[in-house]
Amino acid sequence: MSAVAVESAGLWRAALRSPAVLVGGMLSLAIVVLAAVSLVWTPYPIDGVAIGARFAPPSWTHWLGTDHFGRDLASMIMVGARTSIAVALVAVGVGVVLGVPLGLAAAAVRGSAIDEVIMRGNDLVFAFPALVIAILITAVFGPGAVNAIIAIGIFNIPVFARLARGAALSLWTREFVMAARLAGKGRALISVEHVLPNIANTLIVQATIQFSLGILADAGLAYVGLGAQPPIPSWGRMLAEAQTMIALAPHVAIVPGLAIVLTVLGLNLLGDGLRDLFDPRLRGVRR
Amino acid sequence: MTAFLFQRALSFAISVVVASLVVFVVLEVVPGDPAAFMLGLNAAPDTVAALREQLGLDAPVWMRYLGWIGGIFTGELGTSYTYRVPVAELIAARLWVSVPLAAYALTLSTLIAFPVGILAAARRGSAVDAGVMGGTQLGIAVPNFWFAMLLVLVFSVTLRWFSAGGFPGWDAGAFEGLRALTLPAIALALPQAAILARVMRSALLDTLEEDYIRTARAKGLTRGQALWRHAVRNALIPVLTILGLQFSFLLAGAIIIENVFFLPGLGRLVFQAISARDLIVVRSVVMLLVIAVILVNFLVEIAYSLVDPRLGRRV
């Protein structure tokens, strides 16, 4: 067996022994499966208005109850998961695709004017919280799920750029990178062939955390009306609509909130667990 | 140190200028004709022309930018198109709700996080520690606006201890004002406290492994004495940094929470301005929020270099 195979077999065994990875992984997987299943099947159609069945508490016919239009909350949660996952996932993608190359480039030309410009640019973006970016975009282009993706995605860019730069900097002093430079490889090629694979684990952990932050941010934006618009179901909008009826039917407000909490909790546990797995120094040490 | 301060101050000034350019371009240049944008599609041409003149839109873009920036220093931010009052007045009135709310939440989260983090670190590996770690993991996952709704359900709807929203104004007395801000502040503070408690715990665990703690223990101090006399003070450095960096999340959280409780703060103002397409209000509120974030990060860096002088010298 090659060294890589041995290491990955060890990782798998360690992953199966880590409660954080197991619980977090199962929770995250459950939400993704629910979202995927909703593409072909939901217990009830989500556009079916049944005023007679409105505000029904959880029961055998409606597992999570119904809302003010008599719509099945379980079906709404399943379809809403799609929106949340799509927004958060694409936003993480934006952060990775734009942030990581910037960070790698900055590290490759450390101390140069390019490095300085990239890092100061990152500082500038950090001054705009995702909510403020969303406010700016919405003020001009109107609300929508795409705006939420752009706002959260822009916020993610400096996160990944800083992380990639920091992790890459320490690699540039290592022998195998020196050897590659002596062999005549250019900085760009070294960044892709030698640096990137070695910081991939760190990036995966951060992507999991940004994914969970993205779910929270998407819910917040949708709640204040800056995210996905009706008729697209989203957890944040469900909460906004439930707010005025909270005294009448508390379950309408409790259910979408629980969906958000379980998703974010699952992703955070998975992220923490993966970090401990990838960093052998942390194995068995709870921080 | 002076050179460091100067360099940071310069960097702060440049950040503010570039950020203001971004805000100006997005809100004033991208929409094409801001007057037509604000009035909507069905506006009569002479109404648009009148608003153009009122907003000074016939001047070149760079003059309008300089006029706006100059106005930020003199407090002349223009007149709101929907409220028909000076924007500076509008913002000043709303700050009396938003700033106390943020300060209240920050105080609460610090008061909760510090003891909890210290307790967890002191009893590392115990049931208390496990409870704190589990509780904070949950606290981080809870959206603050949903938590706010649960607080309303329990303390307003069921127990009737607090009102479900609204703000009586400070004229009704400091007690009534603080009472109206209590549930919103708790909703904002708990998720922040969860993060802060984890940072406090992990910073303490780091310092507890330092040589000077071992020396202190060797001198005969108990674990608790060493923790209080030496570790807590040193652990404060990373904690304060995180506290500063969390500020932008607190700000964003406050804007959302104000909407849950119908508080007349900056958050409500900016959302009302967005739906009314009142760009005059939006640009100044957004700029204020951005300046606040940049300023807090600047102050954190200065504070950091004061606590740890090596950071000031290295630059």
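FYI, side chains are in, hydrogens and waters are out, and symmetry mates aren't considered; it's all heavy atoms of this structure. Computed from a predicted structure; not experimentally measured. Just so we're on the same page: letters track the sequence lines, and every chain starts at 1.
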*Counting heavy atoms not belonging to A/Ile114, are there more than 12 under 6.0 Å from its CD1?*
no
_Proximal component of B/Val270, with respect to chain A [non-hydrogen, under 4.5 Å]_ = side chain
*Quick one: of B/Ala273, B/Ala19, B/Gly253, B/Ser275, who has the most non-hydrogen atom pairs under 4.5 Å with chain A?*
B/Ala19
*Measure distances from A/Ile246 to the heavy atoms of chain B and classify the residue's part below 4.5 Å as side chain, backbone, both or neither.*
both
*Find the distance between CG (B/Leu183) and CG (B/Leu188) and round it off to the nearest 0.5 Å.*
11.5 Å
_Residue among B/Val23, B/Asn259, B/Leu153, B/Val282 with most heavy-atom pairs under 4.5 Å to chain A_ = B/Leu153
_A/Arg275 and A/Asp272, any side-chain heavy atoms less than 4.5 Å apart_ = yes
_Tell me whether B/Glu258 is salt-bridged to B/Arg94, with the criterion being a basic N under 4.0 Å from an acidic carboxylate O._
no
*Identify which of A/Tyr223, A/Phe128, A/Phe126 forms the greatest number of heavy-atom pairs closer than 4.5 Å to chain B.*
A/Tyr223
*asked:* So for A/Leu258, is it side chain, backbone, both, or neither that comes closer than 4.5 Å to the heavy atoms of chain B?
replied: both
*Short question: side chain of B/Thr136, backbone of B/Met133 - any donor-acceptor pair under 3.5 Å?*
yes
*Measure from the side-chain N and O atoms of A/Asn156 to the backbone N and O of A/Ala91, and report whether any donor-acceptor pair falls under 3.5 Å.*
yes
*Donor-acceptor pair, side chain of A/Ser234 and main chain of A/Gly80, under 3.5 angstrom*: no
*Specify whether B/Phe162 and B/Phe155 have parallel, tilted or perpendicular ring planes, treating 30° as the upper limit for parallel and 60° as the lower limit for perpendicular.*
perpendicular
*In terms of heavy-atom pairs under 4.5 Å with chain A, which of B/Val26, B/Val16, B/Val157, B/Val152 leads?*
B/Val26
*asked:* Quick check on B/Ile256 against chain A: is it the side chain, the backbone, both or neither that has a heavy atom closer than 4.5 Å?
replied: both
*Enumerate by number any residue of residues 285-297 of chain B whose heavy atoms lie under 4.5 Å from heavy atoms of chain A; in the absence of such residues, state 'none'.*
B/Val286, B/Leu289, B/Val290, B/Val293, B/Ile294
*So which of A/Gly257, A/Gly225, A/Ala127 has the biggest tally of heavy-atom pairs under 4.5 Å with chain B?*
A/Gly257
*chain B interface, residue from A/Leu269, A/Ile135, A/Leu267 that has the most non-hydrogen pairs under 4.5 Å*: A/Ile135
*Mind ranking B/Leu279, B/Val18, B/Leu150 by heavy-atom pairs under 4.5 Å with chain A and telling me who comes out on top?*
B/Val18
*Stepwise, does the side-chain hydrogen bond (donor to acceptor under 3.5 Å, both in side chains) test hold for B/Glu28 with B/Tyr65?*
CA-CA 9 Å; B/Glu28 301 267 323; B/Tyr65 172 73; over 6 Å; no
*In terms of heavy-atom pairs under 4.5 Å with chain B, which of A/Ala247, A/Ala219, A/Ala240, A/Gly236 leads?*
A/Ala219
*Check B/Leu90 against B/Ser80 and note the closest heavy-atom contact, atom names and distance.*
CD1-CB, 3.7 Å
*Nearest heavy-atom pair of B/Ala203 and B/Val239: which atoms, and what distance?*
CB-CG2, 4.4 Å
_Interchain contact, B/Ile14 with chain A, by part (heavy-atom threshold 4.5 Å)_ = neither
_At a heavy-atom distance under 4.5 Å, which candidate from B/Ile140, B/Val260, B/Ile255 has the highest pair count against chain A?_
B/Val260
*Can you tell which part of B/Leu251 gets under 4.5 Å to a heavy atom of chain A, answering side chain, backbone, both or neither?*
neither
*Is there a side-chain contact between A/Pro256 and B/Trp146 (heavy atoms, below 4.5 Å)?*
no
_Please classify the contact between A/Phe141 and chain B as side chain, backbone, both or neither, with a heavy-atom cut-off of under 4.5 Å._
side chain
*Are the side chains of B/Ser11 and B/Phe298 in touch, meaning some heavy atoms are under 4.5 Å apart?*
no
_Leading residue by heavy atom contact count with chain B [cutoff under 4.5 Å; candidates A/Asn268, A/Val125, A/Leu239]_ = A/Leu239
_Just verifying a value: how many Å separate A/Ser212 OG and A/Leu270 CG, rounded to the nearest 0.5 Å?_
10.0 Å
*Could you check if a side-chain atom of A/Leu277 sits within less than 4.5 angstrom of a side-chain atom of A/Arg17, using non-hydrogen atoms only?*
no
*Who among A/Leu226, A/Ile254, A/Leu262 has the most heavy-atom pairs with chain B under 4.5 Å?*
A/Ile254
